[in-house]
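All values derive from a computational prediction rather than experimental measurement. In what follows, residues are counted from 1 in the order of the sequence shown.
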Amino acid sequence: MNIFELRMLRAALKQGLRDSSEWLTQTEIDSILDQIIKLTKIIDELEGKNRH
């Protein structure tokens with residue numbers, strides 16, 4: 001996956017969370033938030049490498 005695909009995946013997770021949060025359990029919400037955080041860290045690392 002490239003950075004663009006990772007960003008799109010993160011955006012989809014965020015949108016899905018906004019759209020479905022009232023039907024999800026707290027455990028499911030936490031899991032999605034963990035995935036978003038991991039993707040953000042990966043994207044930040046990849047962008048940092050591309051800048052140097």
Side-chain angles (χ1 to χ4, degrees):
M1 274 191 166
N2 60 35
I3 292 176
F4 175 76
E5 291 169 325
L6 293 171
R7 285 183 185 147
M8 293 303 293
L9 179 56
R10 182 179 60 181
L13 286 170
K14 286 180 177 181
Q15 186 63 48
L17 188 59
R18 281 191 292 270
D19 293 346
S20 304
S21 63
E22 62 191 62
W23 299 288
L24 297 172
T25 66
Q26 188 60 49
T27 302
E28 291 168 325
I29 292 170
D30 291 344
S31 176
I32 294 169
L33 289 172
D34 286 343
Q35 292 176 48
I36 292 169
I37 290 168
K38 288 176 188 174
L39 283 169
T40 299
K41 288 179 182 180
I42 292 168
I43 291 166
D44 289 347
E45 286 180 25
L46 290 172
E47 287 177 335
K49 288 180 184 176
N50 288 340
R51 288 186 203 136
H52 293 102

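- No donor-acceptor pair under 3.5 Å is formed between the side chain of E47 and the backbone N or O of D44.
- Considering CZ of R18 and CG of L13, their distance stands at 10.5 Å, rounded to 0.5 Å.
- How far OG of S20 is from CD of Q15: 9.0 Å, rounded to the nearest 0.5 Å.
- Side-chain N or O atoms of T40 include one that pairs as donor or acceptor with a backbone N or O of I36 at under 3.5 Å.
- Taken from CG in L33 to CD in Q26, the straight-line distance is 8.0 Å, to the nearest 0.5 Å.
- Shown here for M1 and L9, the closest heavy-atom pair between the two residues is CE-CD2, 4.4 Å.
- Here the CZ atom belonging to R7 is positioned 13.5 Å from the CD1 atom belonging to I42, to the nearest 0.5 angstrom.
- With rounding to the nearest 0.5 angstrom, the CD1 atom of I32 is 11.0 Å from the OG1 atom of T27.
- To the nearest 0.5 Å, atoms CG (L46) and CG (L6) are separated by 6.5 Å.
- In this structure, the side chain of T25 engages the main chain of E28 through a donor-acceptor pair within 3.5 Å.
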- For K38 and Q35, run side-chain contact (heavy atoms from CB on, under 4.5 Å): C-alpha distance rounded to whole Å, both residues' side-chain angles, the deciding distance at 0.1 Å, then the answer. CA-CA 5 Å; K38 288 176 188 174; Q35 292 176 48; 5.7 Å; no
